[in-house]
Amino acid sequence: MNRKNFVILLSFLLVHILSLSSAEKKNILILNSYHKGLKWTDELVGGINQGLSELNFEKEIFTEYIDSKRFFENDNYYQALFELLKVKYYKIQLDLVIPTDDYALNFLLAYRDSLFKKVPVVFCGINNNHNYPQSYSGVLENIEYIDNFKLIKQLHPNYSKIYFIVDNTKTGNIIYDRAFRMYLSTNNEYRYEFVRDYSFDELFKKVSELDDDAVILLTAFTKDKNGEYRSYDEIIHELKLHSKAPIYGVWDFFLGEGIVGGKLISAHDHGCKTSIIANRVLSGENIQNIDVEISESNYKFDYQELKNNKISRNLLPKGSKIINHPFAFIIKNKELSVYFSIILILLLVTIIVLWLYILNRKRKIREERRYNKTIELNNEKLQFAKENAEESDRLKSAFLANISHELRTPMNGIIGFSKLIIDSKDIDPDTQRKYLNMIYQSGYILLNLVNDIIDLSKIESKQLKFNNTEFKLDVLIDELLEFFISERDNLYKGNIKIIAEKEYEFKELYIYSDSNRIRQVLYNLIHNALKFTSEGSIKFGYYIEPPSIVFFVKDTGIGLTQIEKEIIFERFRQVDDKTTRRYGGSGIGLSISKGIVENFNGKIWVESEKGEGSTFYFSIPYNPIKSDYVVVDRVKNYKEYAWTGKTLLIVEDSIVSYELLTKFLKDAQVNFIHASDGEQAVRFCKNKEHIDLVLMDIQLPILDGLEATRQIKICKPELPIIAQTANAMDDDRSNIIAAGCDDYIAKPINRLELLQKIDKYLKKD
């Protein structure tokens, strides 16, 4: 860069810096009619400050309080206030004054030019419409008296009289005058009485004597006829204490303190609306061109007061907001609620499955005992059967005790860490995430245990089925190797080598079989090997012996005796009771593995010596597939699934399950429609043309998911429907398909599986 260009650049930077340093700071005065601590004033100022914070230039905000609620208005007081502000602000050039409520506005109309010259004024909370000077604008407070009377008449059609409570202050007189003029125009449509000229004791006595059908409309009553002052909180609490009549209001700061609700003005929203006009003025717009605006009111109600007064939410105006809803915690803490819901579902499912299983076992034991009693005890064969029954009973008791331990261990983690999260006030995010992860892992341990019990039940009832597909065997072996290396490290057994051996090390081997069941058996065998091995190695893999493929898991663990080898695959068996206490486990893993292999038309066996390790084998039919004809799709990650512009109808009566599905699909760029019952889902599908896919829950109120699917398929046979089912049995799932569903996904839902199934049907378009 030459010297000339450098000088030009430096000059430009200096000019820019000087312009920034000379930027004028904006000075703003908020002059409040009332005092700090009054809910209306605090929320109004909060809304103004929030809006002013959006200004992108330097500013300083001054706040003053006239305190006219607690002190009488008189000329001496205003004159003293004038002298005080004159001393405080004589060196400060204000750019804007914001008076809140009528006292502050009246003060400025009298003294502004003497105090602040012609500074613009943006007012708020004003009940009277004045003939304002040209440099004034703002927001008028419009209380919806008639709409509140209409609301009371709608919710209490048999009301005897509406008692309109308002004091004799300046604000109270304005409210009374405006309300009275409005009621004159209604042709005596409403029965009402103004409650005004009372002391506080007389007021509370008055409301305590109201009849059962009376209704109270509370506006402002902070000063009684004796000049005594009480806050808004004190008034509403005393009214609730003395009156059995439902209380309605016109401002939302009473909501949650004892009023049922009403068409309410929000001080915070009122302040935000005022700040918008203030920002326009401070940004250079001429205040003379800004029209005075009117505040808005909205219907708001307290759930507990609706319930206490037996008011149906169906009678409320459309769009009403309800606070203190019983599900407020769930909505606010969605992530924790999802975890707790999953845990509760798993616990309920586990209890039901165990209860059914125990009943079934008890029935079988009673039958065995009844049968044994009819046979002569001196018959050797019957004696042997009796001993077997007793052994089965002992194993059952040991199994139930062991299952109780296996259930309580993850439950201890779930309940314990959940309690820590609930009780810890200052828990940091990393620790909370760690606890939630432990809860999540414990939940999946419970789920795996439930799956094992269900598989055992299927094997016993000869209902175990397979889903044969074409898959690459080496990929399955590599996945297990990676998983158990990580599991080994988590168990602090890094001294054990885990090795995968494959006969076709450098070839693509595809077979036609059920990959999930093969993985399940290998997982059980490798998991046991890691459990019973403290040093040395674990090798697993396969080799081909046509017409079979043989899998093996070899370890250098504790080994087995001859007797132990004979019973190791029996149901509920472990080596002995000490093994259960020392190493854990339910005692059904090898029994399930044996049942799966036999359903493959294969066999499973073990070779072992005590103290010298064990080798478990199982063989299944070998059905190879040529790799040339196999196409393996790359598995997408969560964020790669996107169906822009598509619309999904989620039919789910559980708000937690609906929220979980929307979170699963939050990155997919889809639109959601929610139906909470089957009848509503059918109506949506008939009336809305832009639904591209339906996620249908089966257990629904009014009309269940199966019947809803049948009706939808009549009018829209091409619309894809994916069922969400918590039923694990195959005949339940076949009923789902028979009803017309195109596919189904089991609960708890796997996010990636859900995305893959939706993608399968939306890609057809």
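The figures that follow rest on heavy atoms only: side chains count, while hydrogens, waters and symmetry mates do not.
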Notebook entry, point to check: Can we say K88 and E64 salt-bridge, meaning some charged N sits less than 4.0 Å from an Asp/Glu carboxylate O?
Noted result: yes

Checklist line | Salt-bridge contact K170-D102 (side-chain N to carboxylate O under 4.0 Å) | finding: no

Nearest 0.5 Å please: distance from the [atom1] atom of [X] over to the [atom2] atom of [Y].
X: D302; Y: I247; atom1: CG; atom2: CD1; answer: 11.5 Å
X: D692; Y: I758; atom1: CG; atom2: CD1; answer: 11.5 Å
X: L264; Y: D252; atom1: CG; atom2: CG; answer: 6.0 Å

Is the backbone N or O of [Y] less than 3.5 Å from a side-chain atom of [X], with the two atoms forming a donor-acceptor pair by type?
X: N27; Y: Q93; answer: yes
X: K206; Y: V195; answer: no
X: S297; Y: E144; answer: no
X: S243; Y: S208; answer: no
X: N148; Y: G262; answer: no
X: S199; Y: D224; answer: no
X: S137; Y: I287; answer: no
X: T662; Y: E659; answer: yes
X: N142; Y: S295; answer: no
X: N309; Y: I311; answer: no

Margin query: Go through it in stages, so that I can follow the logic: the residues are K59 and L96, the test is side chain to side chain contact (heavy atoms under 4.5 Å, CB included), and I'd like the CA-CA distance, side-chain angles, deciding distance and then a yes or no.
Written below: CA-CA 11 Å; K59 59 190 170 295; L96 183 70; over 6 Å; no

Taking the ring of [Y] and the ring of [X], is the distance between their centroids below 6.0 Å?
X: Y34; Y: Y65; result: no
X: F164; Y: Y192; result: no
X: H237; Y: Y232; result: no

Check: Got a sec, which residues hit ring pair (Phe, Tyr, Trp, His ring centres under 6.0 Å) with H156, two or more places apart in sequence or on another chain?
Finding: Y248

Check: What pairs with Y136 under ring pair (Phe, Tyr, Trp, His ring centres under 6.0 Å), at least two apart in sequence or on another chain?
Finding: none

Whether [X] and [Y] hold their rings parallel, tilted or perpendicular, with breakpoints at 30° and 60°:
X: W251; Y: F254; answer: tilted
X: W40; Y: H270; answer: tilted
X: F62; Y: Y89; answer: perpendicular

Residues, nucleotides or ligands: over 12 heavy atoms within 6.0 Å of [X] [atom1]:
X: Q154; atom1: CD; value: yes
X: Q134; atom1: CD; value: no
X: K225; atom1: NZ; value: yes

For residues [X] and [Y], is any side-chain donor paired with an opposing acceptor at under 3.5 Å?
X: T644; Y: Q669; result: yes
X: R112; Y: S135; result: yes
X: R196; Y: N173; result: yes
X: H674; Y: Q680; result: no

Check: Could R230 and F200 be counted as a cation-pi pair, given that NZ or CZ must be under 6.0 Å from the ring centre and within 45° of the axis?
Finding: yes

